[in-house]
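A short worksheet on the structure shown next.
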Amino acid sequence: MPELPEVETLARGLQATLMGRTIVETRVLWPRSVIPPDPAAFARRLAGQTVASVGRRGKWLMIALGSSDVLLIHLRMSGRLLVESEQCLDTRHLRVLFLLDDGQRLSFFDQRKFGRLHLTDDPAQVLGALGPEPLSDEFTAERFEEMLRQRSGRIKPLLLNQRFLAGLGNIYTDEALWQAHIHPLRQANTLTVTEAHQLHRAIQAVLQAAIASGGTTLQDEAYQQADGQAGEFASKLVVYGRDGQTCPRCGQAIERITVAQRGTHFCPQCQSLAQGLGPAQG
DNA sequence: AAAGCACCCTGTACGC
DNA sequence: TGCGTACAGGGTGCTT
């Protein structure tokens, strides 16, 4: 599933390809993929617009256009964006198609139809509610520790909450918690200062390593970089999808439990719950 | 504030 | 073989 590293990789790839390109024509094959949901208006508004820049905020891809319009794209579960040549004819799961002035096309595929293309001149309305960027200068260990102190919920669902922190999904949350030796059910405000700092470092390390590998492409999965390449990080996952396999740190079997309706992978030995489920003592 | 659930979808994996 | 059902996932919105 596309999380921050996958969207970042995609944004970098698209930046090189799309900068300065003009959208000649837009074809919406699945109307619910676009916001506002009037495909004709969506297409009309995009016609003739030129790409000024491609960026990312959380899991949102941002394509800034020549006007004040921004095309915000969320891939959700199965969305894919590919720049293709004109003779590419695979239209399976194709939802939106942009014809570009250089003869190429930008194709939005989305098997499960959860993804959204949001055309707006006020991106803050969509992005404003997001928590801090985990790789930004503002996201310091001290700030993270402060954020955690104010929350009494379980750490895993909290990390998945995009209003708390932007960009983490199920895969990198499990990996970061493993790296920081923290059990997914730990209550956020019971983490020690040391643990909070470890988790902060783990989140940044996991995201940076994944970006360096071009993201994670799971088997039978849709995610691809803008040129269609698979990401290389899947082989470096330690806990995600590896239940039953041994923990490379201690040799214990990785377990899979359900937390807040999400499959959760962790090492019961390294990520002990013993240090504190309830409120901090003394 | 926290937690649970339904919803949006489809392909795959399973039981019968 | 083939049908029905459970499940995976991110995010929103509702209820408790």
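In the text below, chain A, chain B and the rest are named by the order of the sequence lines, each starting its count at 1. Since the structure is predicted, the reported quantities are computational estimates derived from the model, not experimental observations.
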Do the side-chain N or O atoms of Q111(A) get closer than 4.0 angstrom to the phosphate oxygens (OP1, OP2) of dC9(B)? no

Test applied, side-chain contact (heavy atoms from CB on, under 4.5 Å); reference residue, Q271(A); option that passes from L177(A), L185(A), I182(A): L177(A)

Atom CD of Q261(A) and atom C1' of dG10(C): how far apart are they, to the nearest Å? 13 Å

Using the side chain to side chain donor-acceptor pair (under 3.5 Å) rule, take K113(A) and S33(A) through it: C-alpha gap first, then chi angles, then the decisive distance, then the call. CA-CA 7 Å; K113(A) 299 177 175 174; S33(A) 292; over 6 Å; no

For the pair E145(A) and R143(A), find out whether any cationic side-chain nitrogen is under 4.0 Å from an anionic carboxylate oxygen. no

Picking from dT12(C), dC9(B), dG9(C), the nucleotide nearest the side-chain atoms of R76(A) would be dT12(C)

Reckon R32(A) has a side-chain N or O less than 4.0 Å from the OP1 or OP2 of dC9(B)? yes

Distance in Å, L61(A) CG paired with I73(A) CD1, rounded so as to fall on 0.5 Å steps: 5.0 Å

Would you tell me if any nitrogen or oxygen in the side chain of R151(A) comes within less than 4.0 Å of OP1 or OP2 on dA2(B)? yes

From the candidates dG11(B), dG11(C), dA2(B), the one with an atom nearest any side-chain atom of S152(A) is dA2(B)

Go through it in stages, so that I can follow the logic: the residues are T194(A) and Q198(A), the test is side-chain contact (heavy atoms from CB on, under 4.5 Å), and I'd like the CA-CA distance, side-chain angles, deciding distance and then a yes or no. CA-CA 6 Å; T194(A) 305; Q198(A) 273 172 3; 4.0 Å; yes

Spacing between L158(A) atom CG and dG4(B) atom C1', to the nearest angstrom: 17 Å

Which whole-number value in Å describes the distance from Q125(A) CD to dT12(C) P? 13 Å

Should R163(A) be listed as having a side-chain N or O under 4.0 Å from OP1 or OP2 of dA1(B)? no

Kindly state whether the pair F114(A) / dG10(C) counts as stacked, where counting means centroids closer than 5.5 Å and planes tilted less than 30° apart. yes

Looking at every strand, decide which applies to Q162(A) at a 4.0 Å heavy-atom threshold: base, sugar-phosphate, or nothing. sugar-phosphate

What's the CG-P distance between L159(A) and dG10(C), to the nearest Å? 13 Å

Is there a side-chain polar atom (N or O) of Y240(A) under 4.0 Å from OP1 or OP2 of dG9(C)? yes

Between R112(A) and W60(A), which is nearer to the 5' end of DNA chain C once each is assigned its nearest nucleotide? R112(A)

Interatomic distance, M147(A) CE vs dA1(B) P [rounded to whole Å]: 13 Å

Measure NE2/H265(A) against P/dA8(C) and give the value in whole Å, please. 9 Å

So what does R262(A) hit on the nucleic acid, given a heavy-atom distance under 4.0 Å: a base, only sugar-phosphate, or nothing? base

Rounded to whole Å, please give me the gap between CG in L168(A) and C1' in dG9(C). 15 Å

H93(A) vs dG11(B): side-chain N/O to OP1/OP2 distance below 4.0 Å: yes

Round to the nearest Å and state the distance from L185(A) atom CG to dA2(B) atom P. 15 Å

